[in-house]
Colleague: 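What follows is a structure written as structure tokens; I'll ask about it next.
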Amino acid sequence: MPKAGTSTARSEPQPLPPRSALPRRFFAADPEILARKLLGCTLVRILADGTRLGGVIVETEAYLGAIDRAAHTFGGRRTARNESMWGHPGIAYVYFTYGMHWCMNISAGALGDPVAVLLRALRPTEGLERMRELRAAGGRRKTPLADTELCAGPARLCQALAIDRSLDGLDLTAAGSPLFVERRKQDRVSDDQVARGARIGIAYAGDWAARPLRFAVRGSPFVSRPRL
DNA sequence: ATGACGATTTACT
DNA sequence: GTAAATCGTCATA
């Protein structure tokens with residue numbers, strides 16, 4: 001075996017080979033297309049202390065902008081809060097809701113087109129212990145958190161990955177970003193594994209409430225309730 | 001300045 | 001199944 005001349009001497013074993021963040025062109029798609037493509041991709045969060053948290057995206061929702069009554073940008077509304085939806089594809093739109101929760105979107109389409117994809121659930125794959133701590137956050141809990149409850153919901157996944165206002169507007173495609181998306185062959189989701197249905201929590205949206213703009217991996221126990 | 005409302009989660013009946 | 005928690009944001013005045 002050729003040990004000679006190997007300059008590959010690795011002093012530190014890497015838990016995983018280095019992977020590159022998906023580039024802007026991946027996100028520059030119609031939100032419906034992007035919502036589908038994001039299934040099976042991995043959301044990665046690097047904490048300030050270097051801890052790496054991550055999970056495979058198993059549920060998303062598309063928000064179609066000015067025409068979409070359920071979107072924060074319906075009617076072309078442009079406010080301080082939703083400014084990130086108007087920005088470059090591949091930036092984070094993180095908003096606060098119900099007086100206590102954060103939710104994360106990825107801006108889609110083109111610059112100036114206020115469309116986005118809401119991340120609703122992950123299958124956690126890295127840093128589960130730290131996620132449990134983040135999800136515990138103060139309040140003691142009646143029952144211990146199952147892995148399937150860690151990131152099953154838009155606010156839950158943000159709490160588990162320490163995503164809040166400080167990450168709003170962050171460019172997920174920038175070098176060294178503490179939040180980005182990867183794609184691995186092994187996690188590829190085929191079309192017959194994709195379930196579609198009505199979006200959650202938008203009953204006020206009239207005709208748009210019934211549109212099948214929610215996407216999920218069929219049969220995944222990591223998807224939020226109600227299951228598709 | 002004020003009031004109404006959430007792209008939710010949790011606990012409880 | 002129902003209800004409470006909890007407050008930033010935005011439209012209206």
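Just so we're on the same page: letters track the sequence lines, and every chain starts at 1.
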Colleague: Could you check whether Phe96(A) gets within reach of a base, just the sugar-phosphate, or nothing at all, counting any heavy atom under 4.0 Å?
Modeller: sugar-phosphate
Colleague: According to the side-chain hydrogen bond (donor to acceptor under 3.5 Å, both in side chains) rule, which pairs have a member within residues 96-108 of chain A, sequence neighbours left out?
Modeller: none
Colleague: Distance check: side-chain N/O of Arg156(A) vs OP1/OP2 of dT10(B), anything under 4.0 Å?
Modeller: yes
Colleague: What's Arg214(A) touching, base or sugar-phosphate or nothing? Going by heavy atoms closer than 4.0 Å.
Modeller: nothing
Colleague: Does Ala80(A) or Gly99(A) map to a spot on DNA chain C nearer the 5' end, using the closest nucleotide for each?
Modeller: Gly99(A)
Colleague: Hydrogens and angles aside, do Arg135(A) and Gln159(A) bring a side-chain donor and acceptor to less than 3.5 Å of each other?
Modeller: yes
Colleague: Go ahead and write out DNA chain C as dot-bracket, 5' to 3': ( ) for pairs within the strand, [ ] for ones crossing earlier pairs, | when the partner sits on another strand, dots for unpaired; Watson-Crick or G-U wobble, both distances under 3.5 Å.
Modeller: |||||.||||||.
Colleague: Please list all pairs meeting side-chain hydrogen bond (donor to acceptor under 3.5 Å, both in side chains) that have one or both residues in residues 78-93 of chain A, counting only residues at least two apart or in different chains.
Modeller: His72(A)-Tyr93(A), Arg78(A)-Glu83(A), Asn82(A)-Trp86(A), Ser84(A)-Asp168(A)
Colleague: Of all residues at least two apart in sequence or in a different chain, which pass the side chain to side chain donor-acceptor pair (under 3.5 Å) check with Arg188(A)?
Modeller: none
Colleague: Inspect the contact between Asp147(A) and Arg132(A) and indicate whether a charged nitrogen and a carboxylate oxygen are less than 4.0 angstrom apart.
Modeller: yes
Colleague: Side-chain N or O of Tyr93(A) less than 4.0 angstrom from OP1 or OP2 on dA7(B)?
Modeller: no
Colleague: What contact category does Met104(A) fall into here, base, sugar-phosphate, or nothing, at under 4.0 angstrom with non-hydrogen atoms?
Modeller: nothing
Colleague: According to the ring pair (Phe, Tyr, Trp, His ring centres under 6.0 Å) rule, which pairs have a member within residues 202-228 of chain A, sequence neighbours left out?
Modeller: none
Colleague: Would you say a side-chain N or O of Arg135(A) is under 4.0 Å from OP1 or OP2 of dT10(B)?
Modeller: yes
Colleague: 5'-most contact on DNA chain C: Thr97(A) or Asn82(A), nearest heavy atom basis?
Modeller: Thr97(A)
Colleague: Within the 3.5 Å criterion, strictly below it, is a donor on Arg120(A) or Ser224(A) matched to an acceptor on the partner's side chain?
Modeller: yes
Colleague: Mind checking if Arg81(A) touches a base, just sugar-phosphate, or nothing, with heavy atoms under 4.0 Å?
Modeller: sugar-phosphate
Colleague: Report yes if the side chains of Val58(A) and Leu122(A) come closer than 4.5 Å at any heavy-atom pair, otherwise no.
Modeller: no
Colleague: Under 4.0 Å between any heavy atoms, over every strand shown, what does Leu118(A) touch: base, sugar-phosphate, or nothing? Just pick one.
Modeller: base
Colleague: Whether His101(A) contacts dT9(B) is assessed here as follows: a side-chain N or O lying under 4.0 Å from the phosphate OP1 or OP2. Is that the case?
Modeller: no
Colleague: Is the distance from OP1 or OP2 of dA7(B) to the nearest side-chain N or O of Arg211(A) less than 4.0 Å?
Modeller: no
Colleague: When all nucleic acid strands are considered with a 4.0 Å heavy-atom cut-off, which category describes Ala70(A): base, sugar-phosphate, or nothing?
Modeller: base
Colleague: Provide a list of protein-nucleic acid N or O atom pairs under 3.5 angstrom, restricted to nucleotides 11-13 of chain C.
Modeller:
none

Colleague: Check Arg36(A), Arg218(A), Arg196(A) against Asp191(A) for a salt bridge (Lys or Arg N to Asp or Glu O under 4.0 Å) and give me the one that passes.
Modeller: Arg36(A)
